[in-house]
Amino acid sequence: MSTLVYEKPESLYDRKTHYCPGCGHGVAHRLIAETIDELDIRHKTIGIAPVGCSVLAYNYLNIDMVEVAHGRAPAVATGMKRVKPDHIIFAYQGDGDLASIGCAEIMHAAHRGEDITVIFVNNAIYGMTGGQMAPTTMVGQIASTCPNGRDPLKEGYPMQMAEILSIMPGATYIERCAITDPANIRKTKKAIKHAFQRQLDGENGFNMVEILSPCPTYWRMSPVDAKKHITEQMTKTFPLGKLKG
Amino acid sequence: MSEKVLMCGNEAVAEAAIQAGLDAFFGYPITPQNEIPEYMSRRMPEEGRVFVQSESEIAAINMVYGAAATGARAMTSSSSPGISLKQEGISYLAGSQLPAVIVNMMRGGPGLGNIEPSQSDYFQATRGGGHGDYYHIALAGNSVQEMADLMYDAFDLADKYRGPVMVIGDGILAQMIEPVDVFAKKRPPIQTDKSWALGNLKDRSPNIVNSLFLGDNVLENHNLRLQAKYQIIRDTEVRFEATDTEDADLIVVAYGIASRIASSAIRKARKKGLKVGLFRPITLWPFPAKPIAALAGQGRKFLAVELSYGQMVEDVRLAVNGASPVDFYGRAGGSVPTVEAVLEKIEENLK
Ligand SMILES: Cc1ncc(C[n+]2csc(CCOP(=O)(O)OP(=O)(O)O)c2C)c(N)n1
């Protein structure tokens, strides 16, 4: 007898992706889609695609979606959740989107304790625009706008958004995960599911899952080395685990 | 209910919006429109509807974007510097074809300017204002009553044409207290197809609200659809009020509070035997170009009066297209033209 070991979630389209080989966005999409299917919330979930490499997330997630201006996803999510409190609203954001241009929007959505979920895909770089420095770029990391490596005295230290947000009373669940190996990918899925479940249960508060995600192209690494880089280097600056909730 | 009560423009606009079926209000404080969010913060919860004081005007317009994407009637209000911040969001609303209402109670600029009345955001309100090829309907009243009345139209037009609609006043109309019946134009919201709205995904493929269009000609085709819509609006939604223009030797063109000053000056001029009329655009976009063109020529002169250094006058000149001389008088930066100064300008033109 054969057993089914792999199946495409209903909430994911069967499409070729535009993501680079080894990119973490595709995995993050799949984890969201699986979660939506497993919680049976496809009919009442609205996703928000950011500006960044995942701007086309609506081409992959088979659910109602909106594409919004750079960094504004938490404000858009606020408007949605307030008029559709019975819906699961999630914003999908990159680190440039969330930590740089959208810093005010993410801080205040957390501050107000909006009952939304933010999936924060942190690849420590601006992928979409060609590998520029992000607020999350690691010390010493080379990017197209810090060609000699990030100098913290000139460009500041990497911004730890999960830590910053977790001190706010309005934020009730914050966890940092990584898309590196099966164990961590499973943990990431569990975190996403927990965040969505909180919305489903009507638990008050802002929740965010930060996902350390490889960008082999602009890290100038092989996909395998990029994952190793997360485990060995990035997690020193961005430690994994639950920060709140 | 058709009793008149005393209300300032801000409060009348707010209550009319609620009566027009507003589901959600998002705003950030800025003078001279603060009574709108203040009023909403009290009244919206009473009605079981949404009020959020946002962290910025950028956030407010994006909250509007989110609420509107689910099919809700959403609105924000601000004044000039805040409206500049909203332009990114207004461009996205236009591109994504989402209905929304934005109130601008204009104040002096540029920069922080001051908190006095002004009409210096005309260019911004009538040329799209943000990036890309788009327009939005811009409605300008000249009394507290008309500002309230226009709110019903604003929401219906936003729904009808799936796009942002701006209602424009100024520091005077915002603060001025007049007798008003905010229910005067109350009616059930127009019923439009909202099958594009997000949420309640059942027995259909997913909806996507989006202003990104990649691929050969995809954006061009989208833009051409927007342009076709704008042409329908130009053809069908022009509104204006023409008073004593038929026999006029001089037609004063003025909107909003400037038209109140102009009509006082015109009354005095008529008493002096001067044949002067008033043409008052109510839609700033679409501008009533054809009705003005029809009045041009025939030895007639035009005078645009504004609380700016000459913004609407450009549209008057385009409409007149050389068939009549077009003069301009305006003061800005918080100063308001006096009736006497406008009368003087009228007399100078008819000498
Ligand atoms: C207002 C505005 N500024 C700048 C851009 C250009 N831009 C597009 S994507 C992007 C960076 C995205 O980086 P990130 O959020 O880290 O996501 P990633 O692409 O790495 O997934 C920028 C700056 C834009 N589209 N809009």
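Order of the sequence lines fixes the chain letters, A, B, ..., with proteins taken first and strands second; residue numbering starts at 1 for each chain.
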Inset, instruction - Look at atom CG of A:Asp201 and say whether more than 12 heavy atoms of other residues, nucleotides or ligands are closer to it than 6.0 Å. - result: yes
Inset, instruction - Decide if atom OH of B:Tyr28 counts as having more than 12 heavy atoms of other residues, nucleotides or ligands within a radius under 6.0 Å. - result: no
Legend entry - Side chain proximity check, A:His87 to B:Leu198, heavy atoms < 4.5 angstrom: no
Inset, instruction - Counting only heavy atoms closer than 4.5 Å, note whether B:Leu214 contacts chain A via side chain, backbone, both or neither. - result: side chain
Inset, instruction - Compare all side-chain heavy atoms of B:Ile61 with those of A:Arg72 and state whether any distance is below 4.5 angstrom. - result: no
Inset, instruction - Over all heavy atoms of both residues, which pair between B:Glu55 and A:Ala104 is shortest? Give the atoms and the distance, please. - result: OE2-O, 3.6 Å
Legend entry - Distance-minimising heavy-atom pair for A:Val83 and B:Ala72: CG1-CB, 4.1 Å
Inset, instruction - Below 4.5 Å from any heavy atom of chain B, which atoms of A:His70 appear? Answer side chain, backbone, both or neither. - result: backbone
Legend entry - Distance in Å, B:Asn207 CG paired with A:Ile63 CD1, rounded so as to fall on 0.5 Å steps: 12.0 Å
Inset, instruction - Look at atom CD1 of B:Ile115 and say whether more than 12 heavy atoms of other residues, nucleotides or ligands are closer to it than 6.0 Å. - result: no
Inset, instruction - Would you mind checking which part of B:Phe51 comes under 4.5 Å of any heavy atom in chain A, side chain (CB onward), backbone (N, CA, C, O), both or neither? - result: backbone
Inset, instruction - Grab the two heavy atoms, one from B:Val50 and one from A:Arg82, that are nearest each other, plus how far apart they are. - result: CG2-O, 3.3 Å
Inset, instruction - Mark yes or no for whether B:Asn210, through its side chain, and A:Glu67, through its backbone, hold a donor-acceptor pair below 3.5 Å. - result: no
Inset, instruction - Looking only at non-hydrogen atoms, find the nearest pair between B:Tyr92 and A:Val68 and report the distance. - result: CE2-C, 3.7 Å
Legend entry - Nearest non-hydrogen partners of A:Val55 and B:Leu212, listed with the distance: CG2-CD2, 3.7 Å
Legend entry - Flag if over 12 foreign heavy atoms under 6.0 Å of CG, B:Asp133: no
Legend entry - Backbone of A:Val76 reached by a side-chain donor or acceptor of B:Asn62 within 3.5 Å: no
Inset, instruction - Flag yes if more than 12 heavy atoms outside B:Lys185 fall under 6.0 Å of its NZ atom; otherwise flag no. - result: no
Legend entry - Residues, nucleotides or ligands: over 12 heavy atoms within 6.0 Å of B:Glu46 CD: yes
Legend entry - Nearest heavy atoms of B:Ser56 and A:Glu105, plus distance in Å: OG-OE2, 4.4 Å
Inset, instruction - Tell me, yes or no, whether the heavy-atom count around A:His111 atom NE2, taken from other residues, nucleotides or ligands under 6.0 Å, exceeds 12. - result: no
Inset, instruction - Please look at B:Ala59 and chain A and tell me whether the side chain, the backbone, both or neither of the residue comes under 4.5 angstrom of a heavy atom of that chain. - result: both
Inset, instruction - Heavy-atom distances under 4.5 Å only: say whether A:Leu56 touches chain B with side chain, backbone, both or neither. - result: side chain
Legend entry - CG-CG distance between B:Asn200 and A:Asp64, expressed to the nearest 0.5 angstrom: 8.5 Å
Legend entry - Part of B:Ala197 lying under 4.5 Å from any heavy atom of chain A: backbone
Legend entry - Side chain proximity check, B:Pro206 to A:Arg42, heavy atoms < 4.5 angstrom: yes
Inset, instruction - Flag yes if more than 12 heavy atoms outside B:Lys229 fall under 6.0 Å of its NZ atom; otherwise flag no. - result: yes
